[in-house]
There are 2 protein chains.
Amino acid sequence: MEQRIDRIKKQLHSQSYKLTPQREATVRVLLENEKDHLSAEDVYLLVKEKAPEIGLATVYRTLELLNELEVVDKINFGDGVSRYDLRKEGADHFHHHLVCIECGSVDEIQEDLLGDVEKVVESNWNFKIKDHRLTFHGVCHRCLEQEKKDEEHTGKETNEA
Amino acid sequence: MEQRIDRIKKQLHSQSYKLTPQREATVRVLLENEKDHLSAEDVYLLVKEKAPEIGLATVYRTLELLNELEVVDKINFGDGVSRYDLRKEGADHFHHHLVCIECGSVDEIQEDLLGDVEKVVESNWNFKIKDHRLTFHGVCHRCLEQEKKDEEHTGKETNEA
DNA sequence: GTGATTGCAAATCGTTTGCACCATT
DNA sequence: AATGGTGCAAACGATTTGCAATCAC
């Protein structure tokens, strides 16, 4: 973790930005919650535990800065809030997401599933791909298992499309 | 076009909703601009030309209703506004988008590029896919061609439709 | 009449901005 | 003192909501 903070610090310095205590606290929160998809408000509340005097605006400014530096990716699952996702170091593509329409959970897929698709798009549509966003909406494995259990126990029928 | 309106009308009636003049005008605007990705505000301004007395809130309510009925898809390209895209009749998947980072244009890909990928996701992650969102960010063919031209005869002025 | 639907204005919510203050140089 | 960074509150823009008036059956 310290290494990654150090790396980010250097990245900031290289563009003559500073790693202030507030920024460091924000980055730490992101690192500690790498698996989640925190909104700015979420980050704010978590950072406040470490640095109670921080303002929401500073969190927004920091997240925007980290987004410009490509340390985090800003994503939007259509629920009206932006979420910030730490970019994997060395990852050459943006990971994919599985959004559960039942429990709201968001899981990540690190594998690159789009290699072939991108080749097709670039040649058939003459489009130079720089980035992609792929999100599947459906039912996660936890909810599927839960439903299966519910069926076994109650024998009730479920509606399936 | 009249057939599609009629179909939507029946769909509304089947859930005891009415196709009011305001709703019809909104649907017509969506049908007439099927290729665009209009924001609620865009739709509002266009509907106002046909039905000047309509209110923005009604447009929002209509779009939300149409979204529930799966007549339109609500999409978000990360620019802070929701856009509404008419769902193709008979389409078994949500189409993909090519967002140009230079001119801001949004092109559609109707072909289903994700068939194989979805099979992998469903079996490897045990996730029941109901819908997907795939957007590529990059440079569109128009901008690529423009850049090529600019390189060939440097100094020539640009003109884009 | 009853209930759905509308237009308007006010309210809400996430996000951004203006500005005075603070820290580091 | 110059610069960049901060916190706060106000401003903002997109969307939602409360409500009285209106419409369709």
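Residue numbering restarts at 1 for every chain, and letters A, B, ... go by the order of the sequence lines.
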Does [N] have its OP1 or OP2 closer than 4.0 Å to a side-chain nitrogen or oxygen of [X]?
| X | N | answer |
| --- | --- | --- |
| T20(A) | dG4(D) | no |
| T58(A) | dG7(D) | yes |
| Q22(A) | dG7(D) | yes |

| query | Is the number of heavy atoms from other residues, nucleotides or ligands under 6.0 Å of K50(A) NZ greater than 12? | reply |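 Yes, because the 6.0 Å sphere around NZ of K50(A) holds more than 12 heavy atoms from other groups.
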
In residues 17-29 of chain A, what donor-acceptor pairs under 3.5 Å come from side-chain atoms, sequence neighbours left out?
from: T20(A); atom 1: OG1; to: R23(A); atom 2: N; distance (Å): 3.2
from: R23(A); atom 1: NH1; to: K18(A); atom 2: O; distance (Å): 2.7
from: E24(A); atom 1: OE2; to: R28(A); atom 2: NE; distance (Å): 3.1
from: E24(A); atom 1: OE2; to: R28(A); atom 2: NH2; distance (Å): 2.8
from: T26(A); atom 1: OG1; to: Q22(A); atom 2: O; distance (Å): 2.8
from: R28(A); atom 1: NH1; to: E2(A); atom 2: OE2; distance (Å): 3.1
from: R28(A); atom 1: NH2; to: E2(A); atom 2: OE1; distance (Å): 3.1

| Are any of the side-chain heavy atoms of K10(B) and D6(B) separated by less than 4.5 Å? |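 With C-beta onward as the side chain, the pair touches.
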
| task | For the residue pair V71(A) and L86(A), establish whether any side-chain heavy-atom pair is separated by less than 4.5 Å. | result |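 A side-chain contact under 4.5 Å exists here.
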
Atom pair distance, as rounded to whole Å: [atom1] in [X] and [atom2] in [N]:
| X | N | atom1 | atom2 | result |
| --- | --- | --- | --- | --- |
| L66(A) | dG5(D) | CG | P | 12 Å |
| E24(A) | dT6(D) | CD | C1' | 16 Å |
| L65(B) | dT16(D) | CG | C1' | 15 Å |
| L12(A) | dG4(D) | CG | P | 14 Å |
| L19(B) | dA4(C) | CG | P | 17 Å |
| N67(B) | dT16(D) | CG | P | 10 Å |
| D79(B) | dC12(D) | CG | P | 20 Å |
| I54(A) | dG7(D) | CD1 | P | 5 Å |

| message | Base contacts versus sugar-phosphate-only contacts with protein, heavy atoms under 4.0 Å: please encode nucleotides 10-25 of chain C as B, S and - from 5' to 3'. | response | ----SBBBB-------

| field | Identified side chain to side chain contact (heavy atoms under 4.5 Å, CB included) partner of L134(A) from the options L114(A), L98(A), V117(A) | value | L114(A)

| said: Parallel, tilted or perpendicular, judged at 30° and 60°: which one describes the rings of H96(A) and H132(A)? | reply: tilted

| query | Has the side chain of N67(B) got a donor or acceptor atom that lies under 3.5 Å from a matching backbone atom of E64(B)? | reply |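 Looks like no, no N/O pair under 3.5 Å.
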
| Nearest-nucleotide comparison on DNA chain C, the residue closer to the 5′ end among K48(B) and S16(B) |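 Nearest nucleotide further toward 5': that of S16(B).
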
